[in-house]
Amino acid sequence: MDTLFLLAALLVSPAPDASGACPPVSSLPFLVCEATPHGWFYADSAQAAREAADEGAATAAAFQRYLGRAAPAGATVLSARFPMERQEVFASQHALPYLRAWIPAEAKAAMIEESLRRSMPHLSDEQVGAIVQRAHQSSGDILRHELGHSVYRAVFWPRHNPDDGHYATPAPDWLDEASAILMEPETMLADRRAQFRQWLHETPEQVSPPSVFLSRPHPFATAEQRARLAVRSGGQAANGTVAAVVSGDGAKAQAAFYLQSLAMADFLIECSGRQDLLGEISQALADGMGFDAWLTANGLRHQLGANVKELDRNWSAWVNAQREAPAQ
């Protein structure tokens, strides 16, 4: 998401039996649910629940491909009216490895419009409508990204406390973000990769080597940064989802972080020939090994180099090849 910053409540615990009927959500009796091997998907209508279930299946397939692990079955609830305290109760009752509370397209559009009008009052009705429409069209893409964050945490950091000060998990922010970005549809990934190549042509000096980028925090890493953004833009649903518009330098920093996070993942995958290499790295970090130590132990066999200096050199060669590649 380049101009839209959405935060959702996420809960982690241990796995529902999704083979049978979905349990009712007592505080939201009107919701329809689709039970699948990938979890329970609740929404206002059967069609919306089915579409969310399709996104869940696509996320599970991509997670297996890029992280080398099976995605556990959790619950996804598309309702702005699911109070955070009820989420905790529901997750605990059903031993959910994760619960992703999200918002339906209509509620999201209303929150985005409110945020735009509050933070950018100079925009015309036509400009506001165009931004809201683009966000509406990317609704499924965003859900897959957010489900990626949920599954990543449940698989590699199941005992992580969401309030411990980390942006998402104890993983480096680039790795956490890359793991979610890779869940997005191929068309969206292709667009991000094209933007990265354009960035290389226009401002290559802004692209950082691994020795710098791998420890870089997410532009909105701290709770204070996210809180300031939410207060400025307004709009928080009962389920904890915040819609805020990111513009100016903030939008550029966020876009750059996302693009290079994906590029770093592509570089590691292509050099190693291992499509699921991020899973190996994530497991090593979750087990307490630092990235430098992992690189020393495994970098040579993955064609990455035995230390960060060699990794920088290989990154530079990869970036030059990307710059010289013909436009897609």
Q. Can you list the residues that meet the side chain to side chain contact (heavy atoms under 4.5 Å, CB included) rule with P24, with sequence neighbours excluded?
A. none
Q: Taking side chain to side chain donor-acceptor pair (under 3.5 Å) as the test, write out the residues that go with Q275, two or more places apart.
A: none
Q.
R313: which residues meet the salt bridge (Lys or Arg N to Asp or Glu O under 4.0 Å) condition with it, sequence neighbours left out?
A. none
Q. Taking only residues at least two apart or on different chains, which pairs with a member in residues 30-43 satisfy salt bridge (charged side-chain N to carboxylate O under 4.0 Å, His left out)?
A. E34-R50
Q: Tell me, please, which residues at least two apart from N307 pass side chain to side chain donor-acceptor pair (under 3.5 Å).
A: none
Under 3.5 Å, which donor-acceptor pairs link side chains of residues 284-300 to any protein atom two or more places apart or in another chain?
from	atom 1	to	atom 2	distance (Å)
D287	OD1	Q283	NE2	3.1
W294	NE1	E280	OE2	3.1
T296	OG1	D292	O	3.0
T296	OG1	A306	O	3.4
N298	OD1	R301	NE	3.2
N298	OD1	R301	NH2	2.9
N298	ND2	W294	O	3.0

Q: Name all residues meeting the salt bridge (Lys or Arg N to Asp or Glu O under 4.0 Å) criterion together with D276; count only those two or more places apart in sequence or in a different chain, and write none if there are none.
A: R274
Could you tabulate the donor-acceptor pairs under 3.5 Å formed by side-chain atoms of residues 56-64, not counting sequence neighbours?
from	atom 1	to	atom 2	distance (Å)
T59	OG1	E55	O	2.8
Q64	OE1	A70	N	3.4

Q.
The criterion is side chain to side chain contact (heavy atoms under 4.5 Å, CB included); which residues satisfy it with E126, sequence neighbours excluded?
A. S124
Q) Quick one: ring-ring contact (aromatic ring centres under 6.0 Å, His included) partners of F267, sequence neighbours excluded? A) W315, W318
Q: Report the residues that fulfil salt bridge (Lys or Arg N to Asp or Glu O under 4.0 Å) with R323, sequence neighbours left out, ordered by chain and then residue number.
A: none
Q. Does Q303 have any side chain to side chain contact (heavy atoms under 4.5 Å, CB included) partners at least two apart in sequence or in another chain, and if so, which?
A. none
